[in-house]
Amino acid sequence: MATKRKSDDSTASSASKKPAPFWKNGLKTSMEDPELVVYKDDKITVIKDKYPKARNCVYIYIQAKYHFLVMPKENIPNLKSLTGSHIDLLKYMQRKGKEQADSADETLQFRLGYHAVPSMSHLHLHVISQDFDSLSLKTKKHWNSFTTDYFVDSEEIIDQLEEDGKVSLNTATFQELLKKNLKCHVCKKDFSTMPALKTHIKQHNYRRK
DNA sequence: GTTCTAGAAC
DNA sequence: GTTCTAGAAC
């Protein structure tokens with residue numbers, strides 16, 4: 001007997017429809033949150049990542065760690081939606097992202113790039129300091145999404161658009177990258193657990209050369 | 001994206 | 001016994 005869960009009320013229009021996960025649109029909400037917004041103009045909004053994978057706070061004796069997201073005002077769901085017409089916008093996002101990094105700490109190493117297969121809807125450029133010293137960075141997926149080729153540099157996306165007029169990424173290939181063994185992004189040493197890796201990476205220096 | 005937690009790994 | 005990972009979430 002097909003025992004389907006009884007729907008509570010008449011509000012559900014169709015039982016076969018997917019519920020469309022509410023959290024996917026979290027970035028649109030964050031763009032309106034004054035606690036998170038650090039910059040805004042007619043083209044873009046820059047916010048602090050709500051769960052920064054590098055620290056956003058300044059600690060005494062410890063260099064500051066940062067994780068920002070640059071998002072276009074225009075509704076662009078993901079990298080696949082991009083065309084040649086977006087090149088100027090992406091260059092602008094990258095320039096403003098760099099400005100944000102410099103104003104946060106111009107002595108600290110940053111990378112600017114996109115997740116090949118992001119969880120959240122709405123195009124967002126990660127601007128993240130390379131210390132990765134954060135309580136919110138907990139899982140292998142977190143780690144590999146920022147330290148393997150899953151993290152695609154902003155320049156590379158812009159190059160692809162200029163050459164092909166589109167961004168082509170093989171989703172299945174990138175999903176595999178998230179399962180790779182843990183490896184220090186600086187000295188390439190292997191680690192068997194996240195806590196061991198997180199202790200290790202504190203020993204490296206993340207100042208710009 | 002996060003939270004929660006069963007059970008694997010140690 | 002504790003630490004840690006990985007999969008479900010209606």
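Chain letters run A, B, ... following the sequence lines, proteins first and then strands; every chain starts at 1.
Put simply, CG on A/L178 and OG1 on A/T139 are 9.0 Å apart, with the number rounded to the nearest 0.5 Å.
Taking the six-membered ring where tryptophan is involved, the planes of A/Y66 and A/F68 are essentially parallel, since the angle between them stays under 30° and well short of 60°.
Residue A/K141 places none of its side-chain N or O atoms closer than 4.0 Å to OP1 or OP2 of C/dG7. Between A/H142 and B/dT2 there is a side-chain polar atom (N or O) within less than 4.0 angstrom of OP1 or OP2. One finds a side-chain N or O of A/K53 lying less than 4.0 angstrom from the OP1 or OP2 phosphate oxygen of B/dT2.
Heavy atoms of A/K50 sit nowhere under 4.0 angstrom from any nucleic acid atom. In this structure, A/H122 reaches neither bases nor backbone, as no heavy-atom distance under 4.0 Å exists between it and the strands shown. Note on A/P21: nothing from the nucleic acid sits closer than 4.0 angstrom, heavy atoms only.
In summary, the aromatic rings of A/F174 and A/H115 are positioned with their centroids too far apart to meet the 6.0 Å limit.
Comparing B/dG1, B/dT2, C/dT5 against the side chain of A/W23 picks out B/dG1 as the nearest. Considering only side-chain atoms of A/M120, the nucleotide from C/dC4, B/dG1, C/dA6 that sits closest is B/dG1.
Side-chain contact check for A/D41 and A/Y92: at least one donor-acceptor pair (N or O, by modelled atom type) lies under 3.5 Å.
Across all strands shown, C/dT2 forms a Watson-Crick or G-U wobble pair, both distances under 3.5 Å, with B/dA9.
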